[in-house]
Structures are given as C-alpha cells and as structure tokens.
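Just so you know, these numbers come straight off a predicted model, no measurement behind them. Atoms within a ligand are numbered from 1 in the order they appear, just like the ligands themselves.
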Amino acid sequence: VRNSLISGNETIKMALTIAVGGRVWRKFFKTFPFRSNSALKRFPTCRANGRLYSTSSDVVLVRKDEESGIATVRMNNPPVNSLNPTLMVALRSCFEELEKDKTCRALILTSQKPKVFSAGLDILQLYQKSPDHVAQFWEKVQDMWLALYGSRLITMAAINGHCPAAGCLLGLACDYRIMAEGNFRIGLNETQLDLVAPFWLRQTMIDVIGYRQAEMALMIGALYPSDKALQLGLVDKLAPIEDVQTVAEEEVKNWLKIPDQARAITKMASRKPLLDELRRRKQEDIQTFRDETTRESVQKSIQQYLEKLKAKK
Ligand SMILES: CCCCCCCCC/C=C/C(=O)SCCNC(=O)CCNC(=O)[C@H](O)C(C)(C)COP(=O)(O)OP(=O)(O)OC[C@H]1O[C@@H](n2cnc3c(N)ncnc32)[C@H](O)[C@@H]1OP(=O)(O)O
C-alpha cells in the first residue's frame with residue numbers, strides 16, 4: 001500500500017527530472033523538499049585532516065574527508081550513547097548541516113565508544129517526567145529520524161557494538177548496516193519496557209526484514225546477536241569490531257560509483273510516503289507517546305526496567 005502512495009504525477013516528475021540534465025537538482029529539490037530548521041545554530045568548525053565539525057557539547061564528533069565527500073559522524077555521549085535531548089538535537093543538526101554541504105556525498109554513523117553503538121532512548125528522560133517534557137522529548141526523536149531517514153546522502157551505519165531500541169531505529173534509518181561480529185545485540189525491544197514502537201519505526205522494520213519476521217520481533221521485543229541479525233537481513237554485513245569502520249568506508253566507496261542524483265531520487269521515491277505520513281501525523285504521534293509513556297502502569301514498568309539495569313552490576 002505504501003509503495004503505491006507515490007502518485008503517477010510524482011513518478012512523471014521524477015522521470016522528467018532525470019531526463020532534463022542541467023536543471024536536475026532544482027527539480028529534484030522541488031519534488032522532494034528537504035527540511036531544515038534555521039533556528040539551529042551552525043557548528044563551529046575547524047580543520048584537521050579534513051574538516052572537523054564539532055558541536056559545542058562534543059556529543060557528536062564529525063570528520064569529513066574533503067576528497068571523497070565522506071563524513072563520519074561519531075556519537076560521543078558516554079557511557080552508552082543514550083539518546084538524550086542534547087545528543088538528539090546535535091545529531092539532527094549535524095545531519096542537516098551535512099545535507100546542506102554540497103560537497104558531502106555520504107555519511108557513516110558510528111559510536112566513539114566501541115562495544116556500544118547506542119543504548120537507545122535515555123530511559124531516565126521517560127521516567128517521572130511531566131507530559132510536556134515527554135512530548136518535547138518525542139518531537140526530538142521524530143525530527144532526528146526525519147533528518148536521517150530523509151537524507152539525500154548515502155547513509156551507512158557502522159554498528160560497532162550493542163544496538164537496542166532507538167539505537168536500532170538509527171540503524172534502520174540508514175541505507176546499509178555493518179555490524180560488529182561477536183556478542184553484540186540489535187533489535188527493537190520496546191515491548192520489554194511496556195512501550196509500543198510507533199508506526200513509522202514499525203514500518204521501517206517491516207521494510208528491512210519483511211512482515212512476518214518484523215511482526216514477531218516487535219511483539220516479543222527481540223534483541224538478536226549479530227549473526228542472527230545478518231541472517232534476518234536486519235544488518236547487511238558483519239566485520240570484526242576493529243574493522244567495522246574500514247569496511248563501512250569500503251562499502252561507501254562502492255556506493256559512490258553510482259551517480260548521486262539517480263540514487264537519491266530512487267531513495268526518496270521509496271521513502272517519501274513514510275516521511276510524509278509522519279509529517280502529517282506528527283502531533284498525533286506525539287500525543288500518543290506522551291499519553292502512553294506517562295501512564296501509571298508504563299511508569300511502573302520503566303521503573304522496574306531501570307532497577308533491572310542497575311541490578312545487573
Ligand atoms: C506509541 C506510543 C509509545 C511509543 C514508545 C516508543 C518508544 C520507541 C522508541 C525507542 C525506545 C527506546 O529506545 S527505550 C531504551 C531501550 N534501551 C535498552 O533497553 C538498553 C538498555 N541498556 C543496556 O541493555 C545496556 O546498558 C547496554 C546498552 C547493552 C550496555 O551495557 P553495558 O554493560 O556496557 O553498560 P551498563 O552498565 O548496562 O550501562 C551503563 C550505565 O548506563 C545506564 N544506561 C544503560 N542504558 C540506558 C538507557 N537506555 N538510558 C539511560 N541509561 C542507560 C545504565 O543504567 C548504567 O548506569 P549506571 O549504573 O548509573 O552507571
């Protein structure tokens with residue numbers, strides 16, 4: 001159903017776009033306007049072995065190789081890259097900056113701290129917080145995802161460690177996933193916290209691993225070891241943890257051989273319906289998240305989950 005949501009008009013527009021040579025990008029951006037938020041402040045930048053973008057808080061480290069146009073974005077929010085508002089705003093801002101940078105062609109998303117790609121949403125931000133806080137928090141999740149999933153760039157997740165829940169959400173938003181071999185886990189374990197993955201996250205899981213496997217994985221909140229994730233198609237390739245970044249760079253170089261505009265138009269053709277649907281239902285999605293998360297029984301489950309995390313030690 002989703003694929004058929006691209007109208008005939010848009011398909012014709014896309015075909016014309018490809019055909020009209022010089023005016024291609026103007027038409028492309030008209031057909032698929034990429035959003036940006038002018039209120040976000042630009043990164044202070046400096047140069048060292050290529051361009052190094054840096055957020056004021058340094059929770060996101062970005063190094064761009066000017067020659068190849070490949071930017072590596074490292075999440076740097078110890079101990080486990082949990083997605084708190086600061087990290088999510090920095091990631092979104094970084095994705096949007098790279099999007100605007102005409103010399104940037106690809107983005108590799110990884111963790112500065114090997115062994116954990118991201119522990120997902122910062123659970124503390126969902127516990128005993130006001131409905132307004134939770135609503136604002138969720139909008140940051142949505143905006144970060146829209147910026148990454150809707151990117152014209154080649155996006156590659158170099159998953160160098162555990163990747164539960166919203167860590168997996170980030171991976172699924174990319175075009176390709178390379179994961180570390182070994183005892184690392186990936187998946188959407190939301191139901192284990194008594195949470196329900198929103199429609200757009202569920203849809204990306206279905207798109208990547210197929211309906212039956214996604215339905216089952218989501219219901220039981222499965223976290224898969226990397227070899228099983230490869231078998232399911234949840235990740236595309238495995239590499240020893242120390243080689244994940246290099247393998248990602250090699251893979252990007254293969255993708256760079258494809259002309260950017262045809263690749264990006266094709267990507268948008270398949271992603272636009274879901275992007276549009278979330279944009280259209282953004283407020284409804286925020287309200288659902290706010291109401292669900294602040295429910296007493298869900299708060300109790302989150303409390304128990306936090307206690308379990310602490311007791312692990
Ligand atoms: C439709 C409507 C409804 C919609 C609702 C839809 C929601 C859908 C979207 C996504 C939801 C989510 O992401 S929910 C988040 C789900 N995430 C998880 O379940 C991951 C939980 N974490 C882990 O499993 C592990 O930490 C793991 C990542 C494997 C790393 O293990 P390690 O042994 O290396 O590290 P640990 O010792 O466990 O953790 C180090 C410290 O970090 C803390 N910590 C770990 N994960 C954390 C987290 N996510 N948030 C905060 N803090 C965390 C621990 O408590 C420790 O704190 P100290 O003891 O103080 O040091």
Side-chain angles (χ1 to χ4, degrees), residues 59 75-88 91 111-129 131 133-146 148-149 159-173 179-180 182-205 214 217-226 229 241 277-278 281-299 301-313:
V59 290
M75 291 177 277
N76 181 38
N77 190 27
V80 289
N81 283 334
S82 59
L83 292 154
N84 61 12
T86 309
L87 178 55
M88 290 193 289
L91 280 173
S111 165
Q112 174 71 4
K113 186 197 173 223
K115 298 194 181 164
V116 182
F117 177 76
S118 164
L121 300 185
D122 183 345
I123 303 169
L124 297 171
Q125 297 285 330
L126 307 178
Y127 183 57
Q128 293 186 336
K129 296 284 191 246
H133 178 93
V134 171
Q136 283 166 21
F137 179 82
W138 191 245
E139 189 165 21
K140 292 185 172 65
V141 182
Q142 293 174 327
D143 289 339
M144 173 189 68
W145 181 82
L146 286 166
L148 182 60
Y149 186 70
I159 304 172
N160 50 348
H162 293 292
C163 189
C168 184
L169 169 153
L170 284 172
L172 285 168
M179 187 169 176
N183 195 19
F184 301 113
R185 292 183 181 259
I186 181 168
L188 297 176
N189 60 325
E190 280 74 5
T191 54
Q192 292 191 30
L193 286 91
D194 208 3
L195 295 173
V196 178
F199 71 90
W200 43 278
L201 177 56
R202 195 170 66 238
Q203 187 61 54
T204 52
M205 186 71 158
L218 283 158
M219 284 192 296
I220 63 174
L223 284 174
Y224 298 109
S226 36
I241 190 161
E277 196 180 350
L278 177 56
R281 295 173 56 189
K282 213 168 169 222
Q283 289 312 314
E284 175 201 327
D285 190 57
I286 291 172
Q287 275 168 25
T288 310
F289 181 77
R290 183 197 60 197
D291 296 347
E292 283 301 305
T293 311
T294 52
R295 220 160 22 98
E296 207 180 309
S297 65
V298 174
Q299 284 294 305
S301 301
I302 295 176
Q303 182 193 355
Q304 284 164 358
Y305 194 83
L306 281 167
E307 283 164 6
K308 227 169 75 185
L309 265 181
K310 297 264 172 228
K312 205 178 80 171
K313 297 204 160 160

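Under 4.0 Å from ligand 1, not a single heavy atom of Thr293 appears.
Scanning the protein for heavy atoms near atom 50 (N) of ligand 1, the closest one is Ile123 N, 2.9 Å. Atom 58 (P) of ligand 1 has its closest protein heavy atom at Lys310 NZ, 3.4 Å. For atom 39 (O) of ligand 1, the nearest protein heavy atom (residue, atom name, distance) is Val80 CG1, 3.9 Å. Protein heavy atom closest to atom 3 (C) of ligand 1, with residue, atom name and distance, is Val196 O, 3.3 Å. In terms of protein heavy-atom proximity, atom 31 (O) of ligand 1 is closest to Lys312 NZ, 3.3 Å. Annotation: atom 24 (O) of ligand 1 to nearest protein heavy atom, Leu309 CD2, 4.2 Å. Regarding atom 13 (O) of ligand 1, its nearest protein heavy-atom neighbour is Leu121 N, 2.8 Å. For atom 52 (N) of ligand 1, the closest non-hydrogen atom of the protein is Asp122 OD1, 4.3 Å.
Set against the non-hydrogen atoms of Pro79, the atoms of ligand 1 under 4.0 Å away are 40 (C), 41 (C), 42 (O). Taking every non-hydrogen atom of Gly120 and a distance limit under 4.0 Å, the qualifying atoms of ligand 1 come out as 13 (O). Atoms of ligand 1 lying under 4.0 Å from any heavy atom of Tyr305, numbered from 1 in the order shown and given with element: 18 (C), 19 (O), 21 (C).
On a distance-only criterion, Ser82 and ligand 1 share no N/O pair closer than 3.5 Å.
Scanning both residues, Val116 and Ser111, for their nearest heavy atoms gives O-OG, 2.7 Å. Across every non-hydrogen atom of Asp194 and Ser297, the tightest pair is OD2-O, 3.9 Å. Between Ser226 and Met179, the shortest heavy-atom contact is CB-SD, 3.7 Å. Scanning all heavy atoms of the two residues, the minimum distance from Met205 to Ala217 falls at CE-CB, 4.0 Å. The shortest non-hydrogen separation linking Trp200 to Val141 is CH2-CG1, 4.1 Å.
In this view, Lys282 and Glu139, Asp143 satisfy the salt bridge (charged side-chain N to carboxylate O under 4.0 Å, His left out) rule, not counting sequence neighbours.
Here the side chain of Asn77 pairs no donor or acceptor atom with the backbone of Val59 at under 3.5 angstrom. With hydrogens and angles disregarded, no donor-acceptor distance shorter than 3.5 Å links the side chain of Ser82 to the backbone of Ala119. The backbone N or O of Thr293 lies less than 3.5 Å from a partner atom in the side chain of Gln299, making a donor-acceptor pair.
Of the candidates Lys308, His162, Glu190, it is Glu190 that places a heavy atom closest to atom 7 (C) of ligand 1. Closest heavy-atom approach to atom 17 (N) of ligand 1 within the set Ala119, Pro164, Ala166: this belongs to Ala119.
Within a 6.0 Å radius of CD in Glu307, other residues, nucleotides and ligands contribute more than 12 heavy atoms.
Under the 4.0 angstrom criterion for non-hydrogen atoms, Leu169 is not in contact with ligand 1.
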